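First the structure, in the form of structure tokens, and then the observations on it.
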2 protein chains.
Amino acid sequence: MVGPPLRADAARNVAQIRAAAIAAFRGRGLSTPLEEIAAAAGVSKATIYNRFGGRDGLIDAVIGELVAAEMHTIMGRARAVDDPWQAIATYVGDRRDLQYREPAFTDALLMTYPNSAQLVALANAATDTTVHLLRRGHDAGVLRPGFTAADLYYADIANGLALRALGPQPREDYDRRTRFFLDSLGRQ
Amino acid sequence: MVGPPLRADAARNVAQIRAAAIAAFRGRGLSTPLEEIAAAAGVSKATIYNRFGGRDGLIDAVIGELVAAEMHTIMGRARAVDDPWQAIATYVGDRRDLQYREPAFTDALLMTYPNSAQLVALANAATDTTVHLLRRGHDAGVLRPGFTAADLYYADIANGLALRALGPQPREDYDRRTRFFLDSLGRQ
DNA sequence: GGTTAACTTAACTGCCGGGTCAAGTTGGTA
DNA sequence: TACCAACTTGACCCGGCAGTTAAGTTAACC
């Protein structure tokens with residue numbers, strides 16, 4: 001994985017490309033044209049291919065900083081909450097918040113780039129956590145019967161795509177809709 | 001609007017293009033490549049430009065058969081229901097059903113092609129109906145306070161995009177999610 | 001300061017889809 | 001049946017983006 005150390009100029013370029021990719025992915029999602037990232041980094045597109053092997057490699061290289069770290073925090077936070085309902089409310093609320101701040105998170109959810117190993121690992125971890133939390137909720141009888149992990153996945157995809165399609169929503173509106181959604185999950 | 005009558009071959013082509021466009025828009029949404037529609041109709045792409053002036057014209061020519069007619073039925077049905085809550089439930093349920101059957105409806109909602117006059121007219125009519133029904137609901141006190149037409153719009157866009165991104169959902173799952181959504185609208 | 005492997009890049013190919021037009025073909029009419 | 005306006009179309013141009021490579025540049029080590 002490490003190989004021989006990079007030459008100084010190459011190391012500098014790698015750093016610049018990473019920084020540009022993170023900024024671009026933040027703004028436009030994981031499908032930002034590589035030429036645009038290259039220009040922002042002050043290198044040519046071919047250098048991205050040389051250093052990262054293409055989009056998948058680039059995603060692998062920055063997804064941690066972009067969303068994986070936050071996602072692990074979110075999962076840990078939810079799992080640490082004792083009350084089963086509160087754990088779910090925390091988890092859903094935090095995920096929605098991350099979606100709001102990071103369009104790239106929706107790309108990660110959608111698995112648009114299934115060749116990125118990091119992305120696959122992240123998706124698996126998230127699925128495990130969701131299933132775990134929902135099982136706890138159902139066992140405790142605090143969750144609406146019939147609500148599945150697939151339902152939550154669908155709802156999050158839906159929210160992320162709408163957010164991207166319609167542009168930034170006022171935070172107040174966004175949070176109200178999250179509240180509506182959460183209320184629909186509780187035992188009626 | 002009518003102009004001189006079309007020659008026999010041109011009229012035949014128009015009919016074939018319309019039929020192919022409706023089928024294609026049904027399957028793939030309003031952004032189906034025109035070359036594909038032309039091929040299905042057995043004509044060249046240029047003929048679509050000659051007869052319809054491009055995508056917007058083609059949409060104008062078929063949107064009625066595709067979704068406008070159904071949408072007007074849905075609006076009429078909802079407006080005819082006396083009970084304010086039942087009117088909203090009918091409206092939301094019917095729209096979700098249409099979304100399920102017609103991917104093109106989501107394109108219409110999104111106004112991806114704002115140069116199609118028919119599409120604009122349809123969108124305005126739908127907005128009026130939504131506002132009207134929600135006002136009735138709020139006045140009668142059967143609707144969750146704070147729920148707006150924009151919230152419903154956002155939710156429908158979200159649902160339509162998720163449906164397209166994730167592919168056809170089992171009807172049972174889809175209807176369950178619609179039920180969840182409706183429940184979140186009622187007075188708590 | 002000369003050598004060379006590491007590195008970068010301009011310039012290319014290829015695919016897709018929108019949009020246009022000169023050149024041919026054909027239906028209708030006298 | 002001969003004419004011509006109406007009609008169709010293959011072949012083109014364009015922009016956008018992915019991905020590749022031959023040729024040139026440069027950091028690092030002697």
Side-chain angles (χ1 to χ4, degrees), chain A residues 1-21 23-25 27-62 103-104 107 112-116 119 164, chain B residues 1-21 23-25 27-62 103-104 107 112-116 119 164:
Chain A
M1 216 56 179
V2 284
L6 290 177
R7 231 170 63 175
D9 52 349
R12 202 182 327 119
N13 284 338
V14 164
Q16 280 163 199
I17 291 168
R18 280 185 42 111
F25 288 162
R28 300 241 265 127
L30 299 185
S31 52
T32 309
L34 294 186
E35 301 194 64
E36 195 173 299
I37 294 172
V43 302
S44 100
K45 182 174 50 141
T47 302
I48 295 183
Y49 284 92
N50 288 340
R51 292 287 133 235
F52 298 93
R55 187 182 305 278
D56 291 330
L58 185 55
I59 291 174
D60 267 355
V62 301
D107 289 318
T112 314
Y113 301 99
N115 294 321
S116 161
L119 221 44
R164 186 184 309 168
Chain B
M1 217 52 178
V2 281
L6 288 178
R7 234 170 62 175
D9 53 348
R12 202 183 326 120
N13 284 339
V14 164
Q16 279 162 202
I17 291 168
R18 280 184 42 107
F25 288 163
R28 298 242 263 130
L30 297 185
S31 52
T32 310
L34 294 185
E35 301 195 64
E36 196 173 298
I37 294 172
V43 302
S44 102
K45 183 175 49 144
T47 300
I48 295 183
Y49 283 93
N50 288 339
R51 294 286 131 235
F52 298 93
R55 185 183 304 279
D56 290 331
L58 186 55
I59 291 173
D60 267 356
V62 302
D107 290 315
T112 314
Y113 299 100
N115 294 320
S116 161
L119 222 44
R164 187 183 308 168

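What you see below is based on every heavy atom in this structure, not just the backbone, and it leaves out hydrogens, waters and symmetry mates. Because the structure is predicted, anything quoted here is derived from the model rather than measured. Chain identifiers are assigned alphabetically (A, B, ...) following the order of the sequence lines, protein sequences preceding nucleic acid strands; residue numbering begins at 1 within each chain.
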Within the 4.0 Å limit for protein heavy atoms, which parts of nucleotides 25-30 of chain C are touched? Write it as a string from 5' to 3', B for base, S for sugar-phosphate only, - for none. -BSS--
Reading nucleotides 11-23 of chain D from 5' to 3' and marking B where a protein heavy atom lies under 4.0 Å of the base, S where only the sugar-phosphate is that close, and - otherwise, the string is ------BBBBB--
So does B/T47 get a side-chain nitrogen or oxygen closer than 4.0 Å to the phosphate oxygens (OP1/OP2) of D/dT9?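 Checking B/T47 against D/dT9: at least one side-chain N or O falls below 4.0 Å of OP1 or OP2.
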So, OP1 or OP2 of C/dT8: does either fall under 4.0 Å of a side-chain N or O from A/N13? yes
Helix axis bend for the helix from C/dG1-D/dC30 to C/dA30-D/dT1 - C1'-based end axes, five pairs, 10° rounding: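 Rounded to the nearest 10 degrees, the bend comes out at 20°.
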Hey, could you give me each pair passing salt bridge (charged side-chain N to carboxylate O under 4.0 Å, His left out) that has a residue in residues 33-42 of chain A? Not counting sequence neighbours. A/R28-A/E36
Which pair of non-hydrogen atoms, one from B/A20 and one from B/I37, has the smallest distance, and what is that distance? CB-O, 3.7 Å
A/P114 and A/T112: which non-hydrogen atoms are nearest, and at how many Å?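 Closest pair (atom of A/P114, atom of A/T112, distance): CD-O, 3.3 Å.
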Whole Å only: how far is the [atom1] atom of [X] from the [atom2] atom of [N]?
X     : N      : atom1 : atom2 : result
A/I48 : C/dC7  : CD1   : P     : 16 Å
B/D56 : C/dG18 : CG    : C1'   : 12 Å
A/F52 : C/dT8  : CZ    : P     : 10 Å

Apply side-chain contact (heavy atoms from CB on, under 4.5 Å) to B/S31 and list each qualifying residue two or more places apart in sequence or on a separate chain. B/Y113
Atom pairs and distances, donor-acceptor, side-chain atoms in residues 40-57 of chain B, under 3.5 Å, two or more places apart:
| residue | atom | partner | partner atom | Å |
| --- | --- | --- | --- | --- |
| B/S44 | OG | B/A46 | N | 3.1 |
| B/R55 | NH1 | B/L30 | O | 3.0 |
| B/R55 | NH1 | B/T32 | O | 2.7 |
| B/R55 | NH2 | B/T32 | O | 3.3 |
| B/D56 | OD2 | B/N115 | ND2 | 3.4 |

Measure the shortest side-chain to side-chain distance between A/L58 and A/F25 over non-hydrogen atoms and say whether it is less than 4.5 angstrom.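 Yes, close enough: below the 4.5 Å cut-off.
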